[in-house]
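Worksheet: the structure to be examined is printed underneath.
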Amino acid sequence: MFRKVRITSVLKMSLAIVLYKENGESNMKNSGRISKRVLQLKKSAIHEMTRLSKEIEDVAFLSWAKPTSDTPEHIKEAAISAIRNGLVGGYSENAGIVRLREQIAEKLKRDNNIDATISQILVTVGAIEGLASSIMALIDPGDEVILPSPTYSTHIRQVIIASGKPVLVPTIENENFALDIEAIKKAITPRTKAIMYCSPSNPTGTVYSEQQLRQLAEIALKHNLMVITDEAYEYFVYDNASHFSIASIPEMRENVVSCFTFTKTYAMTGWRIGYLHTGEDIIPQIAKAHIPFAICAPVISQYAAIAALEGRQDCVAEFKKHYVSMRDLMCQRLDGLDSVFEYRKPKGSYLMFPRILLDAGKDSTTFCKKLLREAKVSTTPGIAFGPTGEGHLRLSFCVSEEMINKAFDRMEVYFHNS
Ligand SMILES: Cc1ncc(COP(=O)(O)O)c(C=O)c1O
């Protein structure tokens, strides 16, 4: 059981800029065979929690950032007819089917205020492959990449696997995990090559404001840095927040790679389809990394993506409506556990990142494993999102009302009895 000792103040935690290194699996027997690049990576805490959760019957599952809805019918139907019409048996252009890129260019103009031509677009295997290929194309061994933190753990690993150095710059928790512009300026060294962020954020649900992103753009232009964005949750912003794409600033055209996905917007996780936009000169270089990893994005998914963009958009509004009401429910249930968690109401994504107020929360991995074993609630330890995430856990509200209530009913009993 947990000992209830309150950590008195968030501000007492020392939040330093961290040149991050992972220790990986140093005790692996066949370490002579496996590359140092891969060996240094730790196993993903998210996947570890999923594995442990499977061992527990009737678990209340709040640890996945995956839409629980199915892909809308008209998108599935378009994929089925593409199969029937014999369109999916071969490769497409490496950069993606022209009709899809035309649709993407229209969407970028309409929703992101980014002027794009099809030669500035690369269709990728989800946002993840777009981000990975961009990092491979832009980062040399030893180059530093600034990541406002806590941040999506995959971004950190993508930098490490390219032999780059992640520089984790803490965000300001008291201001709903806003960017710390001054700290970012201080983190720049002659080795800094890029700044990589996701907004809306995984894991905090923060939406970086236009004003802050304009300040970030000034820094990037002054030091000639690339900005790599992950805008996976672009449509899921709530209250008075709005999503701003930094590539919409005309001066930034040559300094940004913007990565997007169909995964979240249209509940298409398993289709593995996304895209990126950047300057025309950079696209062929990123394509040189994309081809050896993927050749092209799955063709069947490209046809599904065309249907997603050409079809009606009411599914996106429905998902958003569901997420906002699940967010409100989760916040309300967290209010009932205010001696255990302190939270910032997320303005975007479908994730939130409460601080654990109990002494046991200082080690978020042990805390989350105990919570899973003893209360049958699956969450993700904050340390999975970098050292600045320690002392927190990530909760996902892209689940049903029943799931949230089940998890919080259990936690209420558990914490009140402990
Ligand atoms: C911030 C962020 N980017 C990217 C992804 C994955 O995107 P995709 O499925 O398009 O590769 C996730 C999934 O959880 C995410 O949270």
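Predicted model only: the values in this text are computed from it and were never measured. In listed order, ligands and their atoms are each counted from 1. The first residue of the sequence shown is numbered 1, and numbering continues consecutively from there.
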Inset, instruction - Test Lys347 against Asn240 for side chain to side chain donor-acceptor pair (under 3.5 Å), laying out the working first. - result: CA-CA 8 Å; Lys347 297 267 186 178; Asn240 54 355; 3.0 Å; yes
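- Residue Glu129 places no heavy atom under 4.0 Å from ligand 1.
- Regarding atom 13 (C) of ligand 1, its nearest protein heavy-atom neighbour is Lys264 NZ, 2.8 Å.
- Closest protein heavy atom to atom 3 (N) of ligand 1: Asp230 OD2, 2.5 Å.
- Relative to the ring axis of Phe260, Lys107 places its NZ or CZ within 45° and under 6.0 Å from the centre.
- Contact atoms of ligand 1 toward Thr261: 8 (P), 10 (O) (distance under 4.0 Å to a heavy atom of the residue).
- Of all the heavy atoms of Asn202, the ones lying under 4.0 Å from any atom of ligand 1 belong exclusively to the side chain.
- Residues Val59 and Met403 share a closest heavy-atom pair of O-SD, 4.4 Å.
- Counting atoms of ligand 1 from 1 in the listed order, those under 4.0 Å from a heavy atom of Arg272 are 8 (P), 9 (O), 11 (O).
- Summarising the contacts of atom 16 (O) of ligand 1 with Tyr152, Phe262, Tyr233, the nearest heavy atom is found in Tyr233.
- His155 and Leu147 make their closest contact through CB-CD2, 3.8 Å (heavy atoms, listed as atom of the first residue, atom of the second, distance).
- Exactly one residue among Cys198, Ser199, Ser201 makes a side-chain contact (heavy atoms from CB on, under 4.5 Å) with Asp230. That residue is Cys198.
- Under 4.0 Å from ligand 1, heavy atoms of Ala127 appear from its side chain as well as its backbone.
- Of all the heavy atoms in Thr261 and Thr263, the pair that sits closest is OG1-N, 2.9 Å.
- The two residues Pro250 and Arg253 make their nearest non-hydrogen contact at O-CG, 2.8 Å.
- Ranking the protein heavy atoms by distance from atom 6 (C) of ligand 1 puts Ile128 CG1, 3.7 Å first.
- Below 4.0 Å from some heavy atom of Thr263 lie the following atoms of ligand 1, by number and element: 8 (P), 9 (O), 10 (O).
- Note on ring orientation: taking the six-membered ring where Trp is involved, the planes of Phe415 and Phe341 are perpendicular (angle over 60°, cut-offs 30° and 60°).
- Under a 4.0 Å heavy-atom criterion, His155 is not in contact with ligand 1.
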